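Presented below is the structure to which this report refers.
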Protein chains: 2
Amino acid sequence: MRTRGPGHADTKQRILEVARKLVIKQGHANLSLRAVAREAGFSAPSLYEYFASKDEIVATIAGEIAASLRRALHEAATEAKDPRAALLAIGLAYVAWARKHPQDFLLMFSRLPSRRRALTAAPPSESPYQIVVAAVTQAHEAGVITGKPQRREHIAYALWAAVHGMAMLQLTHLAGFDADFATADKAAVEALIAGFGA
Amino acid sequence: MRTRGPGHADTKQRILEVARKLVIKQGHANLSLRAVAREAGFSAPSLYEYFASKDEIVATIAGEIAASLRRALHEAATEAKDPRAALLAIGLAYVAWARKHPQDFLLMFSRLPSRRRALTAAPPSESPYQIVVAAVTQAHEAGVITGKPQRREHIAYALWAAVHGMAMLQLTHLAGFDADFATADKAAVEALIAGFGA
DNA sequence: GCTTGACACCGAACAGCGTTAGGCTTATCC
DNA sequence: GGATAAGCCTAACGCTGTTCGGTGTCAAGC
């Protein structure tokens with residue numbers, strides 16, 4: 001039983017790189033396997049040596065993208081000077097990341113459900129949302145946010161939903177708008193945090 | 001120059017009804033003109049007698065959908081007993097509508113930019129967002145919300161973004177979750193309103 | 001050293017897509 | 001009655017993801 005040849009993993013990686021480049025250039029909806037294959041120097045059916053389907057390629061890319069977003073949020077959280085500032089920073093970093101990587105962001109959320117099955121379940125450590133939950137927990141312990149511990153999940157969800165909505169609107173319905181979104185986003189997240197505070 | 005025959009408008013309407021039924025059943029991404037034609041009793045090319053492209057069909061449907069959402073928000077606003085309650089009611093009605101008509105909602109926001117070009121510009125009267133703006137204006141006049149009049153647009157945007165994010169997440173990333181979203185959504189919108197209040 | 005078998009690739013093809021071209025029938029207008 | 005246009009059709013183009021069957025190459029086992 002021979003295992004996969006030595007260049008297999010490299011080729012797989014190259015396919016992913018080409019695919020991601022094309023997604024960034026023309027959006028995930030316009031990604032074609034034939035284009036990926038052409039760019040990578042293969043015929044389209046050859047890609048099936050490396051991935052079971054187009055969806056598997058996209059899913060793999062989505063995983064890489066989630067990790068990248070998670071890093072951005074983590075960085076924002078660690079640079080903040082206190083727990084309250086961290087909540088704001090994470091929220092704004094989420095929107096900023098989406099604006100900087102619009103096609104990546106849209107691809108990520110074009111994919112169907114998370115594997116988590118309940119809001120109360122802890123997100124897996126590789127999930128960007130885990131950063132949000134951790135920051136809310138710290139803010140709660142620091143007294144920035146009041147109420148019973150169960151309220152944490154409401155707050156994490158509210159913060160996430162709010163910035164997700166901002167990001168989505170700015171990338172789709174409000175794309176191209178001439179507006180100071182940075183100021184509007186900051187005001188919104190600050191109001192939300194204040195509303196949950198003491 | 002003969003005008004279009006008498007049955008033309010009816011046929012057009014029927015095509016739209018079939019298309020919308022299929023969208024609801026299988027999602028806008030899986031809508032096929034051939035399927036619409038089959039269901040409506042035509043060949044696919046015949047649809048081009050009535051619409052210039054698939055996109056025109058989808059755009060027309062999107063317009064009808066927006067009107068339906070607008071009515072739901074309007075109803076929620078008029079039934080509320082005071083301006084503050086109206087803000088909450090509109091927000092929750094937005095999410096409720098999205099949950100009740102998931103495919104319609106996703107279709108509507110899969111379409112690219114609004115024709116409005118700035119947050120400061122007034123939304124057209126047929127836009128669902130116009131309901132939000134009007135409610136925020138009333139709440140501001142009633143003193144539920146404080147600050148300069150210019151702040152209104154921040155608040156309307158924040159409210160919209162928040163409920164849009166909730167709706168989007170519940171329909172995509174959090175689809176199928178076992179969670180009490182109604183409670184979480186209410187807590188979030190209340191916190192947001194409180195955060196913008198006096 | 002030869003056989004076996006899996007890997008890595010390919011072209012051809014299938015069923016589907018949105019769309020265009022061209023042609024036929026029917027009803028209306030002059 | 002001839003012209004015109006509406007309203008419909010089949011055939012086809014170029015695209016999509018995917019499957020099938022085949023071909024060369026290279027490592028392992030005898």
Side-chain angles (χ1 to χ4, degrees), chain A residues 1-63 103 106-108 110-112, chain B residues 1-63 103 106-108 110-112:
Chain A
M1 185 61 149
R2 268 174 69 212
T3 155
R4 230 78 210 202
H8 189 85
D10 288 354
T11 305
K12 212 167 163 173
Q13 197 52 44
R14 195 153 67 84
I15 291 170
L16 289 174
E17 281 164 18
V18 169
R20 186 150 182 201
K21 195 187 86 185
L22 290 177
V23 165
I24 289 168
K25 200 203 287 181
Q26 51 196 354
H28 75 274
N30 299 315
L31 181 69
S32 116
L33 280 193
R34 281 174 164 87
V36 172
R38 207 180 308 125
E39 202 91 355
F42 292 105
S43 70
S46 293
L47 300 184
Y48 287 78
E49 282 292 322
Y50 301 92
F51 298 93
S53 66
K54 179 186 185 181
D55 191 70
E56 190 178 298
I57 296 179
V58 177
T60 306
I61 293 178
Q103 299 301 343
L106 292 174
L107 179 148
M108 190 172 162
S110 74
R111 305 202 50 66
L112 277 188
Chain B
M1 184 62 146
R2 268 173 68 211
T3 154
R4 232 75 210 203
H8 189 85
D10 288 353
T11 305
K12 213 167 162 172
Q13 198 53 45
R14 195 152 65 85
I15 292 169
L16 289 175
E17 280 163 19
V18 168
R20 186 149 182 202
K21 195 187 84 184
L22 290 177
V23 165
I24 290 169
K25 200 203 289 181
Q26 51 196 348
H28 75 275
N30 299 315
L31 180 70
S32 114
L33 281 193
R34 283 174 161 88
V36 172
R38 208 179 307 127
E39 202 89 355
F42 293 106
S43 69
S46 292
L47 300 184
Y48 286 79
E49 282 292 321
Y50 302 91
F51 297 93
S53 64
K54 178 187 185 180
D55 192 70
E56 191 178 299
I57 296 179
V58 176
T60 306
I61 293 177
Q103 298 301 343
L106 293 173
L107 179 150
M108 190 173 163
S110 74
R111 305 203 48 69
L112 277 186

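Letters go in sequence order (proteins before strands), and every chain restarts at 1. Fair warning: this is a prediction, and the values are worked out from it, not measured in the lab.
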Exercise. In whole Å, what is the span from the NZ atom of A:Lys54 to the C1' atom of C:dG16?
Worked result: 14 Å
For this session: Answer yes or no: is there a side-chain heavy-atom contact under 4.5 Å between A:Asn30 and A:Lys25?
Result: no
Exercise. Within the structure, does a side-chain N or O atom of A:Ser32 lie under 4.0 Å from either OP1 or OP2 of D:dT16?
Worked result: yes
Exercise. Just how far, in rounded Å, is P of C:dA21 from OH of B:Tyr48?
Worked result: 12 Å
Exercise. Between A:Ser43 and A:Arg34, which has a closest nucleotide on DNA chain C that is more 5'?
Worked result: A:Ser43
Problem set entry | Touch class at under 4.0 angstrom, heavy-atom based, for A:Ser53 against every strand present | sugar-phosphate
For this session: To the nearest Å, give me how far apart OH (B:Tyr50) and P (C:dG18) are.
Result: 19 Å
Problem set entry | Separation of atom CG in A:Asp55 from atom P in D:dT18, rounded to whole Å | 8 Å
Seminar exercise, completed: Here the distance between atom C1' of C:dG16 and atom CG of A:Leu33, to the nearest Å, is 15 Å
Problem set entry | Short side-chain N/O contact to C:dA8 OP1/OP2 from A:Ser46, under 4.0 Å | no
Exercise. Do B:Leu33 and B:Ile57 have side-chain heavy atoms sitting under 4.5 Å apart?
Worked result: yes
Exercise. Taking C-beta and beyond as the side chain, do A:Lys21 and A:Ile24 meet within less than 4.5 Å on heavy atoms?
Worked result: no
Problem set entry | Between D:dG17 (C1') and A:Arg38 (CZ): distance, integer Å | 14 Å
Exercise. When all nucleic acid strands are considered with a 4.0 Å heavy-atom cut-off, which category describes A:Phe42: base, sugar-phosphate, or nothing?
Worked result: sugar-phosphate
Exercise. Under a 4.5 Å cut-off applied to non-hydrogen side-chain atoms, are B:Leu47 and B:Lys54 in contact?
Worked result: no
For this session: Taking only the side-chain nitrogens and oxygens of B:His8, find out if one of them lies under 4.0 Å from OP1 or OP2 of D:dG7.
Result: yes
Exercise. Closest nucleotide of DNA chain D for A:Ala44 versus for B:Glu49: which of these residues is on the 5' side?
Worked result: B:Glu49
For this session: In whole angstrom, give the distance that lies between atom CZ of A:Phe51 and atom P of C:dC9.
Result: 13 Å
Exercise. Tell me, do A:Leu31 and A:Leu107 make a side-chain contact under 4.5 Å, heavy atoms counted?
Worked result: no
Exercise. If you look at every strand shown and take non-hydrogen atoms under 4.0 Å, does A:Leu47 touch a base, only sugar-phosphate, or nothing?
Worked result: nothing
For this session: Mind checking B:Ile57 for me? I need base, sugar-phosphate or nothing, with any heavy atom below 4.0 Å counting as a touch.
Result: nothing
Exercise. Atom CD of A:Gln26 and atom P of D:dT16: how far apart are they, to the nearest Å?
Worked result: 10 Å
